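Taking it in order: structure first as structure tokens, then the write-up.
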Amino acid sequence: QAIFSKKDDHVKLNELANNYLRNKPVIDKGLRREERGVFDKLETIAKKTKDKSIKEVVTKSEAKDIFSKLKKMSKDRKK
């Protein structure tokens with residue numbers, strides 16, 4: 001499934017956060033120290049969205065910021 005399709009940023013972020021939480025043990029093993037902050041934020045978002053709407057948890061600009069950090073991480077890893 002493509003996370004970066006034409007969905008709203010909030011919807012994509014919610015799916016991404018929940019996917020991270022489901023696969024956290026596997027993903028955490030491969031994380032670098034400098035990457036942990038973004039993934040901690042995803043975990044917090046996933047936990048908060050169990051009780052609230054994603055739009056109540058993060059703003060659109062925060063969602064875009066998280067995606068830009070993830071894209072930068074991916075780019076840095078490919079070097």
Side-chain angles (χ1 to χ4, degrees):
Q1 68 182 356
I3 293 289
F4 296 107
S5 62
K6 290 289 182 190
K7 296 179 185 174
D8 178 83
D9 284 338
H10 281 112
V11 174
K12 289 191 292 188
L13 185 62
N14 194 23
E15 290 174 0
L16 183 64
N18 287 316
N19 190 32
Y20 167 67
L21 201 57
R22 278 192 304 275
N23 298 297
K24 184 180 175 187
V26 175
I27 295 170
D28 273 355
K29 291 177 186 174
L31 287 180
R32 298 175 184 161
R33 182 178 298 138
E34 63 272 12
E35 297 170 341
R36 293 212 182 270
V38 175
F39 286 91
D40 288 344
K41 180 77 172 167
L42 287 175
E43 181 176 4
T44 302
I45 291 168
K47 289 178 179 177
K48 286 183 178 180
T49 55
K50 289 181 181 177
D51 301 326
K52 298 179 182 177
S53 160
I54 185 71
K55 293 181 180 183
E56 294 176 49
V57 176
V58 293
T59 64
K60 202 167 194 89
S61 65
E62 288 173 317
K64 286 183 187 256
D65 183 54
I66 290 171
F67 283 120
S68 67
K69 287 179 182 177
L70 289 169
K71 285 178 187 177
K72 183 183 180 313
M73 272 188 246
S74 177
K75 193 177 188 180
D76 289 347
R77 279 182 167 249
K78 289 179 183 178
K79 287 183 180 177

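The first residue of the sequence shown is numbered 1, and numbering continues consecutively from there. What you see is a predicted model, and the numbers here were worked out from it, not measured in a lab.
Annotation: the span from K24 atom NZ to L31 atom CG amounts to 10.0 Å, rounded to 0.5 Å. Between atom CG of residue D76 and atom CZ of residue R32 there is a gap of 7.5 Å, rounded to the nearest 0.5 Å. Here the CG atom belonging to L70 is positioned 6.0 Å from the CG atom belonging to L16, to the nearest 0.5 angstrom. In this structure, D40 CG and D28 CG are separated by 8.0 Å, a value rounded to the nearest 0.5 Å. For the atom pair CG of D9 and CD1 of I54, the computed distance is 10.5 Å after rounding to the nearest 0.5 Å. Here the CG atom belonging to N18 is positioned 11.0 Å from the CG atom belonging to N23, to the nearest 0.5 angstrom.
Contact detail for A17 and A46: the closest heavy-atom pair is O-CB, 3.5 Å. Residues D65 and S68 share a closest heavy-atom pair of O-OG, 2.8 Å. Nearest heavy atom pair, residue Y20 against residue F39, reads CE2-O, 3.3 Å.
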Q) Can you check side-chain contact (heavy atoms from CB on, under 4.5 Å) on L13 and H10, steps first, answer last? A) CA-CA 5 Å; L13 185 62; H10 281 112; 5.8 Å; no
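With respect to E35, the salt bridge (Lys or Arg N to Asp or Glu O under 4.0 Å) criterion is satisfied by exactly one of K41, R77, K69: R77.
Residues K29 and P25 are not in side-chain contact: their nearest non-hydrogen atoms beyond the backbone lie 4.5 Å or more apart.
Cluster membership for I27 and L42, using ILVMFWY side-chain heavy atoms within less than 4.5 angstrom, is shared. Transitive grouping of hydrophobic side chains (ILVMFWY, heavy atoms separated by less than 4.5 Å) brings V57 and V38 into a common cluster.
Pairs of residues two or more places apart, or lying in two chains, that qualify as salt bridge (Lys or Arg N to Asp or Glu O under 4.0 Å) and include a residue from residues 44-61 are D8-K60, E43-K47.
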